[in-house]
Amino acid sequence: MCGRFTLNATPEQIAETFGLSIRPEWSPRYNIAPTQLIPIVRVTTANAAREWQMVHWGLLPSWSRDRTRAASLINARSETVAEKPSFREAFRHRRCLIPASGFYEWETIDKKTKQPYLIARGEQSLFAFAGLWERWISPEQEVVETCTILTTAADEAIKHLHERMPIIMEPEHYEEWLDPQLESMARAEELLRPTQPAEWKWRQVSTAVNNARTEGPICLEPPRDQLFQ
DNA sequence: CCAGACGTTGTT
DNA sequence: GTCTGG
DNA sequence: CCAGACGTTGTT
DNA sequence: GTCTGG
């Protein structure tokens, strides 16, 4: 799955990589947790420019009564996303890219012990998760936008760490994935099946780092020895 | 018909 | 909002 | 995903 | 042990 991730990139890098004319407001972060605000890249209407938007991580279906269960929808299985009531409308009309520079997976050592790993691309230090976004109107008419990260079976290279992983959307597929006019859902599902396994690098990280409280100074500076070279 | 769920992961 | 279970 | 709470009453 | 909030 993908329950924490990093986005150690500047607004300039994000804008450059995803073809945004307006730079997102962002400071590099290495421990992004569910419910927090993150930048997504999307196209909201036909022929509109790509835009970024800060949305909460954890999708709230438009018919939700309250926002209490958003944090449980931080991931959506790509195998079933087209049919699930919570995701299918977003899959049809509200696909997005979620910029990331790495993600964490926890290897289960035994019942009580988990070892976190930081996983990143071998090349392409800034990449994108395939995601969906949604818009929820609260009883008080407050607009709340949220997103979820699509998952799939783990690649050969990292499945010894964990069974599932987020889907990485390759740059050559950004445009089609984001197209709100894309009529063929079969095509959308095809975009979720990579033709080539990606190159990965990973390293153990300390529990202390990953347990760092996410409130307070929300932009934690990554310790030098926690980064890839 | 109404009431209640609608999700993922991991673990048993 | 829409589907499932009773 | 992890961390932290997990309860009531009345009073400030 | 399980749920909620970040």
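All heavy atoms count here, side chains included; hydrogens, waters and symmetry mates do not. Below, chains carry the letters A, B, ... as their sequence lines are ordered, and counting in each starts from 1.
- By the side chain to side chain contact (heavy atoms under 4.5 Å, CB included) test, A/Glu190 pairs with A/Arg187, A/Arg193, sequence neighbours left out.
- Residue A/Thr148 is out of contact with every strand shown, counting any heavy-atom pair closer than 4.0 Å.
- Side-chain contact between A/Arg135 and A/Arg94 is absent, with no heavy atoms from C-beta onward closer than 4.5 Å.
- Pairs of Watson-Crick or G-U wobble type, with distances under 3.5 Å, assemble into runs of 3 or more in DNA chain D at these ranges: D:1-6 with E:1-6.
- Summarising the geometry, atom CD belonging to A/Gln53 is positioned 4.5 Å from atom CZ belonging to A/Arg42; distances are rounded to the nearest 0.5 Å.
- Exactly one of A/Phe127, A/Tyr104, A/Phe129, A/Phe103 qualifies for a ring-ring contact (aromatic ring centres under 6.0 Å, His included) with A/Phe5. That residue is A/Phe129.
- Here A/Ser86 lies in heavy-atom contact (under 4.0 Å) with sugar-phosphate atoms only.
- No donor-acceptor pair under 3.5 Å is formed between the side chain of A/Arg23 and the backbone N or O of A/Pro11.
- Checked by atom type, the side-chain pair A/Ser101/A/Ser125 shows no donor-acceptor distance below 3.5 Å.
- On the P atoms, E/dG6 is 24 Å away from B/dA5, given to the nearest whole Å.
- The separation of D/dT9 from B/dC1, taken at their P atoms, amounts to 40 Å, rounded to a whole angstrom.
- Heavy atoms of A/Phe87 sit under 4.0 angstrom from primed sugar atoms or phosphate atoms, though from no base atom.
- The pair A/Arg121-A/Glu170 counts as a salt bridge, with a side-chain nitrogen and a carboxylate oxygen less than 4.0 angstrom apart.
- Residue-level contact check: A/Ser64 touches neither bases nor backbone, having no heavy atom under 4.0 Å from any strand.
- Within a 6.0 Å radius of CZ in A/Arg164, other residues, nucleotides and ligands contribute more than 12 heavy atoms.
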With the sugar-phosphate defined as primed atoms, P, OP1 and OP2, and the base as all remaining atoms, what B/S/- string results for nucleotides 1-6 of chain C, 5' to 3', for protein heavy atoms under 4.0 Å? BS----

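- Distance noted for atom P between D/dC2 and B/dG10: 11 Å (whole Å).
- Proximity of residues 72-80 of chain A to DNA chain B (heavy atom under 4.0 angstrom from any strand atom) is restricted to A/Ser72, A/Leu73, A/Asn75, A/Ala76, A/Arg77, A/Thr80.
- A/Ile32 and A/Leu60 are not part of a single hydrophobic cluster, where members link through side-chain heavy atoms under 4.5 Å apart.
- Every salt bridge (Lys or Arg N to Asp or Glu O under 4.0 Å) that A/Arg92 has, sequence neighbours left out, goes to A/Glu89.
- C/dT2 and B/dG7: their C1' atoms are spaced 16 Å apart (whole Å).
- Nucleotides of DNA chain B that come within less than 4.0 Å of any heavy atom of chain A span, from the 5' end to the 3' end, B/dC6 to B/dT12.
- For A/His160 and A/Trp202, the gap between ring centers is short of 6.0 Å.
- Residue-environment remark: CD (A/Glu25) stays at or below the threshold of 12 foreign heavy atoms within 6.0 Å.
- Using atom P as the reference point in both B/dC6 and D/dA3, the two lie 28 Å apart (nearest Å).
- Checked by atom type and distance alone, the side chain of A/His56 never pairs as donor or acceptor with a backbone atom of A/Thr146 at under 3.5 Å.
- Within the 4.5 Å cutoff, no side-chain heavy atoms of A/Leu192 are placed close to those of A/Thr152.
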